[in-house]
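Here is the structure we will look at, set down as structure tokens.
Computed from heavy atoms alone, side chains included, the values below leave out hydrogens, waters and symmetry copies. When a residue number appears, it is its place in the shown sequence, counting from 1.
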Amino acid sequence: MVTFDPAALKARLDELEQELAQPDFWNDQQRAARLSGEHQRTQQKLQRYDELVSNIEFLREGAGTFPDEELEPVLREVRGELARLQEDALFSGEYDSGDALVTIHAGTGGTDAQDWAEMLLRMYLRWAQERGFQTELLEASPGEEAGLKSATFSAKGENAYGVFKAERGVHRLVRLSPFDQAHRRHTSFAQVIVSPLLPEDVDVEIDESDLRIDTYRASGAGGQHVNKTD
């Protein structure tokens, strides 16, 4: 079921525009950037909604009046927008609508796993670009022979975290290895970790029960502090 509340969006847009109109709005740069981004996203959602309603009205009034070849492009656009609204309804988590930080780690499989990690990175970046996300490669550690040991990139855009969080977990690839002279079948693994990219002004609470503290003590012959200093 598609859930969309244009009245609530319009009310939120009014609130944001009042915030943006305050003379001291840009005194807090981080907060201002966050609210400006929300304002832009809210405007875009309402614009999409208005266009959808307009297209539906056109189809309703044009049925039986205009030839099918003139109505078909509008019908495709309406179907596509309804599909997007259905997808948006899935992203109800606290951070789903925001940006994402994606990390890929090569797992078991040696060079094949590192090559698999690089393949995943290329696929994700290409797919994100086609979807309209803004991506930035933040870190990449090359493998000894080929591929990547690890890589991290950011994806910015509407529902970026909501979309990418479905990719969390271990990804497996089974193939005839191009790195094996005998061309035997190899199974490679890569882990994908997805985190919401939070603004710096957000307070993060850490439960002390989630922390593990290890204490190490020196051993063997040495000075007077050996075996006493943690």
Side-chain angles (χ1 to χ4, degrees), residues 9 16 20 26 28-49 51 77 80-109 111-173 175 178 188-204:
L9 282 176
L16 290 169
L20 268 64
W26 288 103
D28 187 338
Q29 295 286 330
Q30 293 177 350
R31 179 176 178 273
R34 175 166 51 83
L35 292 180
S36 296
E38 184 184 354
H39 178 263
Q40 182 180 9
R41 290 191 298 270
T42 304
Q43 274 187 323
Q44 290 173 346
K45 287 181 179 179
L46 285 171
Q47 182 178 357
R48 285 168 46 196
Y49 172 75
E51 291 176 355
E77 187 174 342
E81 185 58 34
L82 288 174
R84 287 184 63 180
L85 286 175
Q86 286 181 321
E87 182 184 76
D88 289 348
L90 300 175
F91 304 136
S92 57
E94 182 179 1
Y95 305 113
D96 284 357
S97 63
D99 304 328
L101 196 67
V102 183
T103 300
I104 304 170
H105 290 287
T108 305
T111 302
D112 280 283
Q114 294 171 5
D115 188 49
W116 174 222
E118 185 176 24
M119 290 168 61
L120 282 173
L121 175 65
R122 291 200 306 267
M123 287 190 294
Y124 285 143
L125 291 178
R126 186 178 305 161
W127 178 83
Q129 182 180 13
E130 292 177 352
R131 191 179 172 96
F133 292 148
Q134 179 185 354
T135 60
E136 181 182 0
L137 184 61
L138 303 176
E139 174 271 332
S141 300
E144 288 85 357
E145 298 181 32
L148 295 169
K149 293 180 179 178
S150 67
T152 300
F153 69 91
S154 62
K156 298 182 178 181
E158 186 177 353
N159 298 327
Y161 176 67
V163 170
F164 270 105
K165 74 176 185 181
E167 297 298 312
R168 291 181 300 193
V170 177
H171 296 248
R172 184 179 68 168
L173 172 68
R175 65 172 176 173
S188 307
F189 297 89
Q191 183 180 25
V192 177
I193 302 170
V194 183
S195 305
L197 191 58
L198 302 179
E200 295 182 5
D201 60 344
V202 171
D203 293 329
V204 178

Is any side-chain heavy atom of His105 less than 4.5 Å from a side-chain heavy atom of Val192?
-> no
Please report the C-alpha distance between Glu144 and Thr111 in whole Å, then the side-chain angles of each, then the deciding distance to 0.1 Å, and finally whether the side chain to side chain contact (heavy atoms under 4.5 Å, CB included) criterion is met.
-> CA-CA 8 Å; Glu144 288 85 357; Thr111 302; over 6 Å; no
Counting N and O atoms only, with roles assigned by atom type, does the side chain of Asn159 sit under 3.5 Å from a partner on the main chain of Gly162, one being a donor and the other an acceptor?
-> no
Considering only NZ, NE, NH1 and NH2 on the basic side and carboxylate oxygens on the acidic side, decide whether Arg175 and Asp115 come within less than 4.0 Å.
-> yes
Indicate the ring-plane relationship of Trp127 and Phe133, choosing parallel, tilted or perpendicular according to the 30° and 60° boundaries.
-> perpendicular
Which atoms form the tightest heavy-atom contact between Ala155 and Ala160, and what is the distance?
-> O-CB, 3.5 Å
Could you walk me through whether His39 and Leu20 pass the side chain to side chain contact (heavy atoms under 4.5 Å, CB included) test, one step at a time?
-> CA-CA 9 Å; His39 178 263; Leu20 268 64; 4.1 Å; yes
Check the pair Phe189 / Trp116 against side chain to side chain contact (heavy atoms under 4.5 Å, CB included), numbers first and verdict last.
-> CA-CA 7 Å; Phe189 297 89; Trp116 174 222; 5.7 Å; no
So, are Glu136 and Lys156 salt-bridged, with charged N and O less than 4.0 Å apart?
-> no
Hey, mind stepping through Ser141 and Glu139 against side chain to side chain donor-acceptor pair (under 3.5 Å) and telling me if it holds?
-> CA-CA 7 Å; Ser141 300; Glu139 174 271 332; 2.6 Å; yes
Between the CE atom in Met123 and the CD atom in Glu118, the distance rounded to the nearest 0.5 Å is 11.0 Å
Does a donor on one side chain and an acceptor on the other come within less than 3.5 Å for Gln114 and Glu145?
-> no
Look at atom CD of Gln134 and say whether more than 12 heavy atoms of other residues, nucleotides or ligands are closer to it than 6.0 Å.
-> no
Residue pair Arg48 / Glu81, side-chain heavy-atom distance below 4.5 Å = yes
Work out which heavy atom in Pro142 is nearest to a heavy atom in Leu148; give both atom names and the distance.
-> CA-CD2, 3.9 Å
Taking side chain as C-beta onward, heavy atoms only, is Thr103 less than 4.5 Å from Ser195?
-> no
Side-chain contact, heavy-atom cut-off 4.5 Å: Glu38 with Leu35?
-> yes
Are there more than 12 heavy atoms of other residues, nucleotides or ligands under 6.0 Å from atom CZ of Arg126?
-> no
Is the shortest heavy-atom distance from the side chain of Ile193 to the side chain of Leu101 under 4.5 Å?
-> no
May I ask you to check whether over 12 heavy atoms, not counting those of Gln44, lie within 6.0 Å of atom CD?
-> yes
Mind running side chain to side chain contact (heavy atoms under 4.5 Å, CB included) on Gln47 and Glu51 for me, showing each step along the way?
-> CA-CA 6 Å; Gln47 182 178 357; Glu51 291 176 355; 3.5 Å; yes
Lys165 NZ: over 12 foreign heavy atoms closer than 6.0 Å | yes
Indicate yes or no: at least one non-hydrogen side-chain atom of Gln191 is less than 4.5 angstrom from one of Arg168.
-> no
Can you tell me how far the OG1 atom of Thr42 sits from the CG atom of Leu9, to the nearest 0.5 Å?
-> 6.0 Å
Between Ala106 and Ala113, what is the shortest heavy-atom contact and its length?
-> CB-O, 3.7 Å
Decide yes or no for Asp99 and Tyr161: does some side-chain heavy atom of the first lie under 4.5 Å from some side-chain heavy atom of the second?
-> no
Would you mind reporting whether Val163 and Arg131 have side-chain heavy atoms less than 4.5 Å apart?
-> yes
Return the minimal non-hydrogen interatomic distance between Leu137 and Thr152, and the atom names on each side.
-> CD1-O, 3.5 Å
Could you tell me which non-hydrogen atom of Ala32 sits nearest to which non-hydrogen atom of Trp26, and how far apart they are?
-> CB-CE3, 3.4 Å
In this structure, CG of Leu16 is separated from CD of Gln40 (nearest 0.5 Å) by 12.0 Å
